[in-house]
Amino acid sequence: MQLSRRTLLTMLPASALLAVAAPLRARAAGRPTTASAGGATEPGADHAALLANTVAIFAGTAESNARPEVAAKLAAITSTARTRLAALDGAGSGELFKGVALGTSDANLNTSYQYLYEIALATRTPGPAASDLRDNASVQRRVIDGLVLLHDTYYGDQSKGYYGNWFNWEIGISASVSRTLVLLKDELAAHKPDLTATYVSSMDAYLRNGKDGDVDLDSRFHTGANLADITTNRILQGAVTGDDARVVKAVADQLTVYATVDPYNPRHGVTDGFYADGSFIQHDSVAYTGSYGKVLLTRAVQTVKILEGTDYLGTDNGAGTGTGSGTGDLVAVVRGWVADGFAPLIFEGWMMEIVKGRGVSRTATGYTDVAVVVEAVVDLSGHSTGADATALQGYVKFVRQTSKAALDPAVFVSPVSIARYADILADTSVPAADLGDAESHTAFNAMDKTVHRRPGYAFALARSSDRISKYEYMSGENLMPWFQGDGAHYLYLAGQDQTRSFGIDYYTTVSPYRLAGVTAPVETRRTIPELYGTAWYDNPERGFTSSSESQNTYVYFPRGTNSLSGGARLGTYGAVGLVLGDDVAYAAKQAGELPDDFVVHRNATATKSWFMLDDEIVVLAAGVGDAAGRAVTTTLDSRIAAASDAVTVTGRLRGGAAWPGGGDGGAGGGGTAPGPVAWLRYADAGQGIAVGYVFLDGGGDSRPTVALDTVTRSRRVVRTSNPDTPVTKRVFSLSVDRPAGARPLSMAHALVPNATERQLKAYGAGHGNGNGVGRGPLSVVANTTRVQAVEHRGLSLLAANTFTPGTHRAGRLSIDGAASVLLRTSHDGTVSVAVCDPTMARNTVSVTVRGRRLRAVSSDDGVRVRDVPGGTRIDVDTHQAHGRSLTARLR
């Protein structure tokens with residue numbers, strides 16, 4: 001199997017890092033080794049460097065903090081500490097801080113430790129102006145006394161602790177405590193010399209999902225971002241106690257996170273992490289780049305900074321050359337994550353919704369998410385050289401230049417990063433540049449997500465399968481997530497403030513049954529708290545506790561029952577197929593494997609394809625209906641606008657008449673089409689945006705309904721801890737509604753971003769092939785539950801998805817079994833073909849290009865081309881390709 005140079009450059013440094021782990025483990029165990037990763041300096045010197053580096057990360061340095069750009073961050077650190085001290089002064093019974101009751105709330109205990117850290121941080125932050133907090137031994141001792149009180153009363157007795165969320169006990173509290181121990185190391189030695197060792201012992205005891213008070217690489221809790229968090233904490237604990245074995249063991253454990261995941265041979269059974277196609281998965285099946293992924297990115301870069309000047313990763317200078325083992329290899333791996341995993345998901349400074357899990361229900365914006373990524377890139381650039389450093393610095397500028405929200409560097413964790421950010425922006429020798437091309441198609445098939453980008457827009461598609469979760473719900477977050485992985489799409493338009501179209505207000509005001517792109521049964525579902533009275537299904541006798549595997553499988557992030565989800569990429573074009581499935585809970589309940597009071601939901605049925613071109617995204621759907629006989633709604637698009645925005649819907653019926661603007665009684669362009677529709681256009685003058693919808697099936701039984709409603713809801717409807725803030729939006733919905741008992745339906749339409757009426761009128765009637773209907777350069781070649789295909793004559797492109805066993809014909813193509821195929825003919829007569837197995841279960845996919853015989857000019861490994869009667873046969877080895885497209889060029 002041929003791997004791209006980019007993939008190889010990402011994977012090879014990861015392999016080099018894993019090679020460092022063995023001698024590190026030997027060093028931790030006190031065994032001699034001939035290939036030591038360190039040893040050039042005494043452990044004490046390494047520990048001193050670790051501690052100094054850590055303080056610099058969080059408190060800054062005298063040099064960085066003298067910069068005027070850092071002043072706002074220093075003021076925020078001081079202000080936060082003063083607020084916490086006031087709360088410390090005002091605490092009542094059962095509190096360390098006023099209003100943060102202790103004894104039964106693990107979240108409040110975690111918060112109390114965080115507040116102590118924030119006070120300690122202010123005492124260690126150098127700055128140009130004098131502060132009564134800086135190096136204030138009295139304040140530091142108040143923090144230490146707070147640590148004593150919390151340990152003696154609420155934390156030290158492990159028989160009473162560990163209630164609520166495991167994360168707080170194994171990661172959250174330990175992070176605040178470990179950093180505080182580093183910041184106050186000298187004062188602790190003078191005031192409470194035994195407290196550090198006491199806390200380290202207790203933190204070990206609370207690592208209950210570990211092994212003997214340490215990391216367990218076979219634990220489902222110790223993976224991905226969680227493992228990076230835990231091991232970073234343990235690195236700091238080892239440095240502050242002089243325990244070199246702890247440090248080197250933690251570094252070795254963390255190195256496993258940086259290996260590219262091989263889904264067919266997972267190390268320690270772990271499938272969490274980054275994949276060769278740039279996908280990131282956490283919780284075994286959740287697409288999570290935009291939440292846990294950015295946490296891991298932050299920890300990885302902090303590890304680079306913490307280990308700088310030590311020998312724990314070898315002896316290179318950390319310049320990021322990717323040669324030899326050491327910090328440079330770690331930097332090279334993380335650079336690959338940024339380029340392949342993060343950059344495609346960031347559009348004009350906004351993190352796309354499709355990879356945020358339950359984080360989509362939080363009030364923080366996609367711009368805030370990207371600020372975290374920018375800080376990591378800023379620091380990576382400082383550990384890179386040459387073209388690598390320039391590319392990263394150019395990307396920082398590009399995000400700043402294209403984002404519609406000003407990035408406030410005061411949100412960065414490190415004052416040093418703020419100073420470095422200012423230097424990058426001021427460097428006129430570095431041009432602003434994206435890390436990818438303006439025209440691109442990224443198939444994140446390993447996590448069932450797709451991103452298609454063109455100048456002017458980005459289209460993001462969320463899919464699911466028996467490999468990847470339909471959604472994530474947890475801890476009262478993302479309360480109504482049911483259809484987020486069933487083909488929900490997000491069309492981001494250039495030049496737009498994305499908070500006005502997406503983010504928390506989109507999920508608050510758009511019905512969860514009418515997310516853009518979703519086919520859903522007409523029914524009312526209840527949230528987990530409504531169903532069970534708690535944030536989870538509580539039934540310990542049947543294996544359901546707050547963090548049990550059953551809870552994960554059936555409540556928090558259920559997978560689908562469908563295996564077909566994926567698609568092929570040919571250059572910058574893509575085809576994606578999806579067969580809707582129920583979630584695993586429904587299937588398990590039907591099999592009698594779940595308790596009687598466990599509520600499950602049955603999905604509607606549909607076979608769908610998305611063909612992503614230049615000016616259009618063509619969407620086909622067949623078999624749209626419901627096996628239970630319920631009414632079904634397919635939402636072609638949903639968008640939100642300010643209540644005051646002038647939103648209009650215009651269009652033409654197939655016979656040439658104008659869209660009536662009221663249909664069967666709707667207002668402002670709403671209503672159901674009175675006849676077959678040629679095209680519609682949504683325009684929001686307030687945002688200066690427009691989207692066109694071209695109907696390729698002539699309307700028929702799939703006559704669309706337009707709704708324009710003013711909706712007011714509280715942000716709390718999607719997350720229990722959100723503020724009870726009412727949001728009012730104008731909500732546009734374009735749907736095809738089917739009554740109960742109706743026969744299954746097929747439909748086809750094209751989304752046209754930034755469409756003008758003139759552009760939409762140009763989609764004149766054409767002539768389709770097969771059973772389809774054409775519109776201008778577009779033809780629907782086939783649209784059934786067996787095969788869906790389109791042809792774009794202007795692009796000389798034929799694209800097909802097949803869904804069932806047997807031989808399928810689509811234009812020039814004859815395809816054996818389930819597959820996704822793109823065929824394009826260039827001006828010189830060269831034919832390029834891309835093939836993908838969207839089930840990830842087939843060993844071979846065979847495609848025949850009918851017509852004159854062609855010979856192979858070039859092909860990927862595993863692709864064989866031969867003559868057959870009537871055409872050219874291409875046999876593609878898809879065994880363990882994990883949804884990757886394989887290509888051939890023929891002439």
Side-chain angles (χ1 to χ4, degrees), residues 69 72-73 278 280 288-291 293-295 297-298 301 335 337-356 359-360 362-381 391-413 417-418 420-427 430-440 442 444 449 451-460 490-507 639-640 687-689 753-754:
E69 300 92 344
K73 177 68 176 181
F280 175 79
Y288 233 157
T289 317
S291 290
K294 61 185 176 66
V295 171
L297 177 66
T298 295
V301 176
R335 277 201 309 266
W337 293 354
V338 172
D340 299 344
F342 285 93
L345 292 162
I346 296 172
F347 181 70
E348 295 188 345
W350 180 271
M351 178 66 71
M352 295 177 179
E353 273 72 13
I354 61 173
V355 289
K356 293 178 62 172
V360 295
R362 298 170 187 167
T363 56
T365 74
Y367 296 121
T368 303
D369 294 324
V370 171
V372 176
V373 178
V374 169
E375 180 175 8
V377 175
V378 165
D379 289 332
L380 272 180
S381 73
L392 293 172
Q393 292 164 3
Y395 185 61
V396 169
K397 285 189 169 185
F398 177 80
V399 173
R400 163 71 177 264
Q401 184 181 89
T402 59
S403 177
K404 301 309 167 187
L407 190 156
D408 180 5
V411 302
F412 287 2
V413 170
S417 304
I418 297 173
R420 184 174 286 153
Y421 178 67
D423 289 339
I424 291 173
L425 297 184
D427 187 350
V430 176
D434 200 350
L435 289 174
D437 296 328
E439 294 188 2
S440 64
T442 307
F444 291 115
K449 303 295 179 281
V451 175
H452 187 73
R453 300 171 71 118
R454 289 295 185 270
Y457 75 89
F459 179 82
Y490 305 84
L491 178 57
Y492 304 97
L493 302 177
Q496 181 186 12
D497 178 352
Q498 301 301 335
T499 61
R500 299 178 66 181
S501 287
F502 295 107
I504 177 63
D505 291 345
Y506 177 82
Y507 294 100
R639 301 193 72 86
I640 63 172
Q687 299 187 58
I689 62 171
N754 304 306

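All values below come from the heavy atoms of this structure, side chains included, with hydrogens, waters and symmetry mates left out. Just so we're clear, the structure is a prediction, and the values are computed from it rather than from any experiment. Positions are given from 1 along the sequence.
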Do the side chain of [X] and the main chain of [Y] share a donor and acceptor less than 3.5 angstrom apart?
| X | Y | result |
| --- | --- | --- |
| Arg639 | Leu491 | yes |
| Arg453 | Pro344 | yes |
| Gln498 | Leu493 | yes |
| Glu348 | Gly495 | yes |
| Lys404 | Thr499 | no |

Quick one: closest heavy-atom pair of [X] and [Y], and the distance?
| X | Y | result |
| --- | --- | --- |
| Gly456 | Asn754 | O-ND2, 2.9 Å |
| Ala343 | Leu435 | CB-CB, 4.1 Å |
| Gln687 | Ser501 | OE1-OG, 3.3 Å |
| Gly349 | Tyr367 | O-CD2, 3.1 Å |
| Val430 | Gly394 | CG1-N, 3.5 Å |
| Tyr421 | Pro409 | CD2-CB, 4.0 Å |

Are any non-hydrogen side-chain atoms of Thr289 and Trp337 less than 4.5 angstrom apart?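 No, every pair of side-chain atoms sits at 4.5 Å or beyond.
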Would you call Leu425 and Lys397 a side-chain contact if the rule is heavy atoms closer than 4.5 Å?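 Yes; the side chains approach each other to less than 4.5 Å.
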Take Tyr507 and Glu353 through the side chain to side chain contact (heavy atoms under 4.5 Å, CB included) test and state the conclusion after the steps. CA-CA 10 Å; Tyr507 294 100; Glu353 273 72 13; 3.5 Å; yes
How long is the straight-line distance from [atom2] of [Y] back to [atom1] of [X], given to the nearest 0.5 Å?
| X | Y | atom1 | atom2 | result |
| --- | --- | --- | --- | --- |
| Ile689 | Gln496 | CD1 | CD | 4.0 Å |
| Phe398 | Ser403 | CZ | OG | 10.5 Å |
| Ile418 | Asp423 | CD1 | CG | 12.0 Å |
| Lys294 | Asp369 | NZ | CG | 4.5 Å |

Of Val373, Val372, Val377, Asp379, the residue whose pairing with Glu375 passes side-chain contact (heavy atoms from CB on, under 4.5 Å):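 Result: among Val373, Val372, Val377, Asp379, Asp379 is the only option passing the side-chain contact (heavy atoms from CB on, under 4.5 Å) with Glu375.
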Only one of Ile346, Val374, Ile424, Leu380 forms a side-chain contact (heavy atoms from CB on, under 4.5 Å) with Tyr395, so which one is it?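 Testing each of Ile346, Val374, Ile424, Leu380 against Tyr395, the sole residue satisfying side-chain contact (heavy atoms from CB on, under 4.5 Å) is Ile346.
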What class does the angle between the rings of His452 and Tyr457 fall in, given that below 30° is parallel, 30 to 60° is tilted and above 60° is perpendicular?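 Answer is tilted, since the angle falls between 30° and 60°.
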Parallel, tilted or perpendicular: ring planes of Tyr490 versus Phe502, cut at 30 and 60 degrees: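 Ring orientation of Tyr490 relative to Phe502: perpendicular.
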Residues Tyr492, Met352; criterion side chain to side chain contact (heavy atoms under 4.5 Å, CB included); working and verdict: CA-CA 9 Å; Tyr492 304 97; Met352 295 177 179; 3.7 Å; yes
Can Leu345 and Met351 be said to form a side chain to side chain contact (heavy atoms under 4.5 Å, CB included), step by step? CA-CA 6 Å; Leu345 292 162; Met351 178 66 71; 4.2 Å; yes
Intermediate values then yes/no, side chain to side chain contact (heavy atoms under 4.5 Å, CB included), Val370 and Phe342: CA-CA 9 Å; Val370 171; Phe342 285 93; over 6 Å; no
